[in-house]
Visitor: 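Before I ask anything, here is the structure I am working with.
One-based numbering, in listed order, for ligands and for the atoms of each.
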Amino acid sequence: MTHAIIPGSFDPITLGHLDIIKRACALYDRVTVVIAINADKEYAFSKEERIMLAKDAVKDLKNADVDSTDGLLVDYAAAAGFPVIIKGLRNKTDFQYELKMVQINEELSEKRHSRRVFTMFMPATKSLSRISSSYVKKLLANGKSCKKFVPNEELLKKLYKKRP
Ligand code: PNS
């Protein structure tokens with residue numbers, strides 16, 4: 001069985017993320033969205049909320065599931081039997097950032113598991129390449145609609161209102 005993981009912060013999940021997940025589902029038998037923690041980021045939504053939003057977004061995809069990790073991505077990948085890691089790329093900035101992540105993860109994987117971890121880049125669909133979680137959060141903060149950019153605006157707005 002082929003297995004791919006799509007790790008990220010998903011703070012919150014967008015239609016851009018969902019497009020990458022759907023396309024990965026057409027290529028792999030199983031696709032796991034992994035809600036991870038980037039120590040450099042402050043999150044607007046808790047891990048549980050990000051999981052809830054991601055689960056709701058993939059509920060109609062038969063071969064997609066959602067999981068999370070508080071640890072290193074390579075430790076998650078090792079425990080899962082080294083599935084391929086998929087990352088979506090919208091632009092040059094994403095590419096530069098993700099290439100750095102690939103290099104960090106390859107080094108960590110060799111050191112901690114004596115095994116190479118593989119990352120595949122998937123280019124974003126052009127019409128979705130301007131969508132970002134940061135932009136969605138700006139719209140939410142200003143009480144504007146974000147339904148063109150997220151799969152689940154109602155749930156997102158409900159969770160956003162509940163924040164401390
Ligand atoms: O796109 P994101 O939000 O930065 O994705 C988060 C994550 C953890 C998948 C990414 O930052 C990554 O690949 N990091 C590699 C190092 C790692 O595993 N960090 C987690 C603990 S600090």
Side-chain angles (χ1 to χ4, degrees), residues 3-25 27-28 30-58 61 64-125 128-141 146 149-152 156 159-160 163:
H3 186 200
I5 57 175
I6 307 188
S9 296
F10 300 100
D11 185 46
I13 192 162
T14 67
L15 287 179
H17 293 131
L18 189 57
D19 182 57
I20 300 286
I21 296 163
K22 281 183 181 166
R23 285 155 66 206
C25 280
L27 293 172
Y28 294 88
R30 181 179 168 209
V31 173
T32 306
V33 177
V34 182
I35 313 288
I37 294 171
N38 178 339
D40 297 330
K41 287 187 182 170
E42 257 186 49
Y43 292 121
F45 296 93
S46 68
K47 187 177 82 179
E48 289 68 30
E49 290 173 329
R50 289 182 281 136
I51 292 171
M52 197 191 295
L53 288 161
K55 279 191 174 167
D56 182 72
V58 304
L61 301 175
D65 54 86
V66 177
D67 200 359
S68 67
T69 177
D70 293 329
L72 289 173
L73 179 60
V74 291
D75 292 351
Y76 180 93
F82 284 96
V84 65
I85 297 171
I86 295 183
K87 287 296 244 172
L89 296 182
R90 291 165 301 182
N91 50 41
K92 200 165 69 181
T93 312
D94 276 359
F95 174 71
Q96 280 166 343
Y97 172 78
E98 295 299 348
L99 188 60
K100 211 165 65 193
M101 286 304 150
V102 168
Q103 288 158 357
I104 289 171
N105 285 330
E106 288 202 349
E107 223 177 278
L108 282 170
S109 187
E110 287 287 0
K111 236 185 235 163
R112 294 168 72 86
H113 304 288
S114 308
R115 210 179 134 166
R116 196 157 181 199
V117 69
F118 277 98
T119 304
M120 307 279 279
F121 287 153
M122 191 183 283
T125 299
L128 301 169
S129 64
R130 307 278 290 267
I131 303 178
S132 72
S133 298
S134 312
Y135 184 54
V136 167
K137 281 178 280 194
K138 274 189 195 133
L139 293 172
L140 286 169
C146 53
F149 310 115
V150 296
N152 36 22
L156 186 60
L159 294 175
Y160 190 75
R163 291 168 337 124

Visitor: Note down each nitrogen or oxygen pair, ligand 1 side and protein side, whose separation is under 3.5 Å; give only atom names and the distance to 0.1 Å.
Guide:
residue	atom	partner	partner atom	Å
ligand 1	1 (O)	Lys87	NZ	3.3
ligand 1	3 (O)	Ser9	N	3.2
ligand 1	3 (O)	Ser9	OG	2.4
ligand 1	3 (O)	Lys41	NZ	2.8
ligand 1	4 (O)	Asn38	ND2	2.9
ligand 1	4 (O)	Tyr97	OH	2.4
ligand 1	13 (O)	Asn105	ND2	3.2
ligand 1	18 (O)	Leu73	N	2.8

Visitor: Has the side chain of Thr32 got a donor or acceptor atom that lies under 3.5 Å from a matching backbone atom of Val34?
Guide: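 No, Thr32 side chain to Val34 backbone: no donor-acceptor pair under 3.5 Å.
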Visitor: Could you tell me whether Tyr28 and His3 have their ring centroids closer than 6.0 angstrom?
Guide: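 Ring centroids of Tyr28 and His3 are no less than 6.0 Å from each other.
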Visitor: Quick test of your reading of the model: are Glu110 and Arg116 salt-bridged, counting only N-O distances below 4.0 Å?
Guide: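 Looking at Glu110 and Arg116, the cut-off is not met.
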Visitor: Would you mind listing every salt bridge (Lys or Arg N to Asp or Glu O under 4.0 Å) that reaches into residues 7-19, with sequence neighbours excluded?
Guide: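 Listed by first then second residue: Asp11-Lys137, Asp19-Arg23.
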Visitor: Under the side chain to side chain donor-acceptor pair (under 3.5 Å) rule, what pairs show up with a residue in residues 66-84, not counting sequence neighbours?
Guide: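 Sorted pair list: Lys47-Asp70, Asp67-Tyr76, Asp75-Arg112, Asp75-His113.
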Visitor: Mind checking side-chain contact (heavy atoms from CB on, under 4.5 Å) for Thr119 and listing every partner two or more places apart, or none if nothing turns up?
Guide: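 Counting only residues at least two positions away or on another chain, Thr119 forms a side-chain contact (heavy atoms from CB on, under 4.5 Å) with Ile85, Lys87, Val102, Phe121.
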